There are 2 protein chains.
Amino acid sequence: MTEFSLPPIQTTARDDAVLKALAGFVMQEALGPGEKLPTERILADRLKVSRNTVREALTRWEGLGLVERRQGSGTYLKAAVSPDMLHMPLTLAGGNDFTGLMRTLEIRRALEAEAAALCAIRAGKAEIAEIERKLDIMEEAFHSRAGMSAEEDWEFHQAVYRASGNPLFEQIIAAMHELFHRFWEHPLGVRDFGHASFPYHRTIYERIAAHDPDGARAEALKLIATVEDDLKRGAANLKLSDLK
Amino acid sequence: MTEFSLPPIQTTARDDAVLKALAGFVMQEALGPGEKLPTERILADRLKVSRNTVREALTRWEGLGLVERRQGSGTYLKAAVSPDMLHMPLTLAGGNDFTGLMRTLEIRRALEAEAAALCAIRAGKAEIAEIERKLDIMEEAFHSRAGMSAEEDWEFHQAVYRASGNPLFEQIIAAMHELFHRFWEHPLGVRDFGHASFPYHRTIYERIAAHDPDGARAEALKLIATVEDDLKRGAANLKLSDLK
DNA sequence: GTGCAGAAATTGGTTGGACCATTGAACCAC
DNA sequence: GTGGTTCAATGGTCCAACCAATTTCTGCAC
């Protein structure tokens, strides 16, 4: 039983070839996020493949979040595309229950702290100004709407992730944020959820603006700790039967 | 494989509904990895949708690595499927170059530090013993094979992730490890890659065994820092043309 | 000319049917 | 048994429509 290094032969890989060609086209035309790419019918015609094959290929890209399809309108790029990209589709056996949410929160604590620290190191003037802008918007919404600032809150954190210089942070957290949304449709009954975390947004910003990585990491850890407390409090308030 | 209880599909969002129905079917039949699921033609017939729609849905699952399609044979499950899964499509632009590896390393630093801290809090006697066992194996391999202990090194870290009490850590890191497997083997031509990180494995274990979260976190950060240094050193040794 | 409602064109989503390429099992000769 | 052959099952591709949402154009009223 000797060792071979014979990869399986590849006879048919239409849709893969379609994606490669499309990636090349996007590069050549220098298309960026938001821009529209050719219609399925045109692609099928140009590439000399069936429209079905084009659709399967685009379905793949859609699943990777690279592209967005709008019926009646067209297909649009959602992210930068280059021929040499590595994809790691990751599906986690999570759950809508309390422990599942707690686990995603632990991941978020890990990433949030690191992202804040990296941000404090790398963020330039423009990035810091953008974060401050999101912070102002959030604080304004918080005061005028009595604490209902979930959307603005999320945008603030996104700005931090983006300024970390590592797109993986935003991608991972974005997936988890979606899970949170699922859970928040059935709110925990904690009326002032998120109130406790509010002041730490500004302290995080201040540590970032001061280019203090360790300080930013510490403040981020505090913020997540308050969210965890809120969550535990909410779970305690509920009957266990509601949590399933 | 005879009786099904697959109700027909409603309207709009067909392929999504198909996936939901399929996920329910997989649960109901208690299908596990490796098992074969109904043919596309049968699914199309039972769900009262076109075969193309079934194909698009399956293409989605295939893209997520949940399913494998073998022409002439059938479609087989590759992972456990449950209706509430967390999908996390990660894309790394410019894949196999230095910055890509660096970015995954930043994620690893975030998760490794948090996992070590959680581990120090939650690990029981059995988990700590298991980690020590992996550590001993690693150190033995390191000394007898002059530093080539990549596999044993990886198993040590896995044991830590597992003892953190949160399976998400292991799943996320495992995906990245698989993605950069080739780099872990011969990373950038640095001969003694990983040597510098070796002593920190034991210090991490000691902090965990002492139930010292902050200490464990600090040691984990040091370990990753040495790996980062090795990586930077390797990149500096290489000509830029090789990095491309 | 402006504004707006309705028609027409555009575009992704779905359907049904056909054929091809690969697989695997049953079968057969040796 | 071994090695081929046949043949049905299954995923892969193609085609030609039609449906549904969106956008664009058109023409009428003002």
Side-chain angles (χ1 to χ4, degrees), chain A residues 6-22 25-26 29 31 33-78 81, chain B residues 1-4 6-22 25-26 29 31 33-78 81:
Chain A
L6 291 177
I9 195 157
Q10 201 65 297
T11 93
T12 53
R14 308 282 250 205
D15 47 359
D16 240 22
V18 168
L19 286 186
K20 227 170 74 178
L22 235 184
F25 174 80
V26 169
E29 299 285 310
L31 296 182
E35 295 201 70
K36 181 177 172 182
L37 43 81
T39 73
E40 298 177 349
R41 290 174 174 85
I42 292 183
L43 286 175
D45 182 55
R46 296 286 198 282
L47 296 171
K48 296 301 176 202
V49 295
S50 148
R51 198 183 144 212
N52 268 340
T53 306
V54 172
R55 294 202 100 251
E56 290 223 359
L58 287 178
T59 299
R60 279 194 158 71
W61 269 15
E62 192 184 27
L64 290 172
L66 292 179
V67 115
E68 179 184 354
R69 290 151 126 176
R70 290 206 284 269
Q71 184 174 177
S73 178
T75 305
Y76 301 83
L77 277 178
K78 270 179 70 178
V81 166
Chain B
M1 169 123 15
T2 50
E3 297 166 89
F4 304 106
L6 291 172
I9 290 301
Q10 296 180 353
T11 58
T12 59
R14 310 284 239 216
D15 47 358
D16 231 25
V18 167
L19 287 186
K20 229 170 75 176
L22 237 185
F25 173 77
V26 169
E29 300 284 311
L31 296 181
E35 296 200 70
K36 181 177 173 181
L37 42 83
T39 74
E40 297 177 350
R41 290 174 173 85
I42 292 184
L43 286 176
D45 181 57
R46 295 290 197 283
L47 296 171
K48 298 300 178 206
V49 296
S50 150
R51 195 183 145 212
N52 271 336
T53 304
V54 172
R55 294 203 98 253
E56 291 226 357
L58 286 178
T59 299
R60 289 252 252 282
W61 269 14
E62 191 185 27
L64 291 172
L66 292 179
V67 118
E68 179 184 355
R69 305 212 274 211
R70 289 207 284 271
Q71 182 174 178
S73 178
T75 305
Y76 301 84
L77 277 179
K78 271 179 68 179
V81 166

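Note that the coordinates shown come from a computational prediction; the quantities given were computed from them, not determined experimentally.
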* How many Å lie between OH on B/Tyr76 and P on C/dT22, as a whole number? -> 17 Å
* Protein-nucleotide distance (B/Leu43, atom CG; D/dG12, atom C1'), rounded to Å -> 16 Å
* Asked: Which nucleotide sits closest to the side chain of A/Thr39: D/dT23, C/dT15, C/dG12?
  -> C/dG12
* Side-chain donor/acceptor of A/Arg41 to base of C/dG12, under 3.5 Å -> yes
* B/Lys36 NZ - C/dT23 C1' separation (whole Å) -> 10 Å
* To do: Starting at CG of B/Asn52, measure out to OG1 of B/Thr59 and round the result to the nearest 0.5 Å.
  => 9.5 Å
* A/Glu68 CD - C/dT11 P separation (whole Å) -> 17 Å
* Under the side-chain hydrogen bond (donor to acceptor under 3.5 Å, both in side chains) rule, what do B/Ser50 and B/Arg55 come out as? Steps first, then yes or no, please. => CA-CA 9 Å; B/Ser50 150; B/Arg55 294 203 98 253; over 6 Å; no
* Using whole Å, report how far CG of A/Asp45 lies from P of D/dC15. => 10 Å
* Given that B/Arg51 and B/Glu56 both sit by DNA chain C, which one's nearest nucleotide is further toward the 5' end? -> B/Glu56
* Would you tell me if any nitrogen or oxygen in the side chain of B/Arg55 comes within less than 4.0 Å of OP1 or OP2 on D/dG11? => no
* Structure fact -> Taking D/dA20, D/dG12, D/dT10 as options, the one with an atom nearest any side-chain atom of A/Gln71 is D/dA20
* To do: Report which part of the nucleic acid A/Arg70 touches: base, sugar-phosphate, or nothing (heavy-atom distance under 4.0 Å, all strands).
  => sugar-phosphate
* Please evaluate the base of C/dG16 for a donor-acceptor partner in the side chain of B/Asn52 within a cut-off of under 3.5 Å? => yes
* What is the distance from CG of A/Leu47 to C1' of D/dC14, rounded to the nearest Å? -> 15 Å
* **Lys/Arg-Asp/Glu bridge criterion (N-O < 4.0 Å) met for B/Lys78, B/Glu62** => no
* Asked: Within this structure, what is the CD-to-C1' distance between A/Glu40 and D/dA20, rounded to whole angstrom?
  -> 14 Å
* Rounded to the nearest 0.5 Å, what separation is found between the CZ atom of A/Arg41 and the CG atom of A/Asp45? -> 12.0 Å
* For B/Gly72 and for A/Lys48, find the nucleotide of DNA chain D with the closest heavy atom, then tell me which residue's nucleotide is more 5'. => B/Gly72
* Asked: Hey, is the side chain of A/Thr75 poking within less than 4.0 Å of OP1 or OP2 on C/dG12, counting only N and O atoms?
  -> yes
* To do: Could you tell me whether B/Glu40 and B/Arg51 make a salt bridge, using a distance below 4.0 angstrom between a side-chain N and a carboxylate O?
  => yes
* Asked: Side-chain N or O of B/Thr53 less than 4.0 angstrom from OP1 or OP2 on C/dT15?
  -> yes
* CG of B/Asp16 versus C1' of C/dG13: gap in Å, rounded? -> 13 Å
